[in-house]
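Single-structure report; data block below.
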Amino acid sequence: PVSLVWEGNRPDWFPTRFESLLCRYDMGEKPRFLEPGGYLLTTNSVFHRQTLLALGGVRDDLGHKRNQLIGGEDNEIFQRLVANGYRVYYQPTARVYHPVPKVRQTRRYLLRRLFWDGASQPLVDSVCKENTAASRAGFELYRDSRRLFRFCLEILGEVVTGDRAGVQDGVYRLVQRAGRMRTHLLMALGAR
């Protein structure tokens, strides 16, 4: 498990459901092997080096680079380990306390992190499903644009009714979907 340690006080506005974007991870108090379809957060992980090398290593094209907060290397290596017959064990007593500096406690940072989380998902999906064809990416881009339009309409509806929480949630979903669209567009153009 990875518990967050907030510099200062945790902002009241920060949605609990997005704490995983800051590295919060908790699969419960029971030690166990993780099932296929689960995920691994590498903030607190130990690997056998030879096993990772035999699987081609950890993909560095999925990690953060400069201003791009692309992620998913944790999920991708987990999926490859499981697909190759390896088991991943979760030990709840090996807890880590991960700092959250003030710079990551702003709405601006959350929106940026949501955008790049959305941008990362198509990459992880394409790796895990071996589905990188440009035509598939074009179809996903079409689906993303429809969802983005729907989110815009929902946000407008929330604005009209004065539901601030609904508007905020809609903006979060909109930003994340925009990130997905970015990556699907690059994949459709063959640039990713």
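For the numbers below, each heavy atom of this structure counts, side chains included, while hydrogens, waters and symmetry mates do not. This chain uses plain numbering: 1 for the first residue, then up along the sequence.
- A salt bridge links Glu29 and Arg95; the closest N-O separation between the charged side-chain nitrogens and carboxylate oxygens is under 4.0 Å.
- The shortest distance between side-chain heavy atoms of Leu40 and Ser45 falls below 4.5 Å.
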Check your understanding: Taking it one step at a time, do Gln176 and Tyr172 satisfy side-chain hydrogen bond (donor to acceptor under 3.5 Å, both in side chains)?
Key -> CA-CA 6 Å; Gln176 201 168 29; Tyr172 293 150; over 6 Å; no
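- A donor-acceptor pair is defined here as one N or O able to donate and one able to accept, closer than 3.5 Å; such a pair exists between the side chain of Arg112 and the backbone of Asn67.
- The structure places CG of Leu81 at 12.5 Å from NE2 of His48, a figure rounded to the nearest 0.5 Å.
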Practice item. Go through Val58 and Asp74 one step at a time and tell me if the side-chain contact (heavy atoms from CB on, under 4.5 Å) criterion holds. Key: CA-CA 8 Å; Val58 176; Asp74 328 71; over 6 Å; no
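- Between the CG atom of Leu123 and the CG atom of Asn75 there is a distance of 12.0 Å, given to the nearest 0.5 Å.
- A centroid separation of 6.0 Å or more is found between the aromatic rings of Tyr90 and Phe33.
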Check your understanding: salt bridge (Lys or Arg N to Asp or Glu O under 4.0 Å) between Arg173 and Glu154: does it pass, once the steps are laid out?
Key -> CA-CA 11 Å; Arg173 291 185 300 145; Glu154 288 174 8; 2.5 Å; yes
Practice item. Would you sort out whether Tyr39 and Leu34 count as a side-chain contact (heavy atoms from CB on, under 4.5 Å), showing the intermediate values? Key: CA-CA 8 Å; Tyr39 76 102; Leu34 298 178; over 6 Å; no
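- Between Glu7 and Arg104 there is no salt bridge, since no side-chain N of the basic residue sits under 4.0 Å from a carboxylate O of the acidic one.
- Judged purely by atom type and a 3.5 angstrom limit, Thr106 uses its side chain to pair as donor or acceptor with the backbone of Tyr109.
- Using a 4.5 Å cut-off on side-chain heavy atoms (C-beta onward), Gln105 and Phe14 make no contact.
- Checking Val5, Val2, Asn44 one by one against His98, the side chain to side chain contact (heavy atoms under 4.5 Å, CB included) holds for a single residue, Val2.
- Taking the side chain as every heavy atom from C-beta outward, Ser20 and Leu41 never approach each other to under 4.5 Å.
- Counting only distance, with no hydrogens or angles, the side chain of Thr51 and the backbone of Phe47 share no donor-acceptor pair below 3.5 Å.
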Practice item. Check step by step if side-chain contact (heavy atoms from CB on, under 4.5 Å) holds for Val96 and Ser3. Key: CA-CA 6 Å; Val96 164; Ser3 296; over 6 Å; no
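- A salt bridge between Arg10 and Glu19 is present, with a side-chain N of the basic residue lying under 4.0 Å from a carboxylate O of the acidic one.
- A distance-only check finds no donor-acceptor pair linking the side chain of Gln68 to the backbone of Ile70 [under 3.5 Å].
- The hydrophobic clustering, which links ILVMFWY residues whose side-chain heavy atoms are closer than 4.5 Å, places Leu22 and Trp116 together.
- Within the model, atoms CG of Leu52 and OH of Tyr86 stand 9.0 Å from one another, a figure rounded to the nearest 0.5 Å.
- No option in Arg182, Arg177, Arg180 other than Arg182 meets the side chain to side chain contact (heavy atoms under 4.5 Å, CB included) test with Phe115.
- Proximity of a side-chain donor or acceptor of Asn84 to a complementary backbone N or O of Arg80 within less than 3.5 Å is detected.
- The line from CD of Glu73 to OG1 of Thr42 is 5.5 Å long, rounded to the nearest 0.5 Å.
- Contact of the Met181 side chain with the Leu185 side chain is not registered, since no non-hydrogen atoms from C-beta on lie closer than 4.5 Å.
- The closest side-chain heavy-atom distance from Pro99 to Trp6 is not below 4.5 Å.
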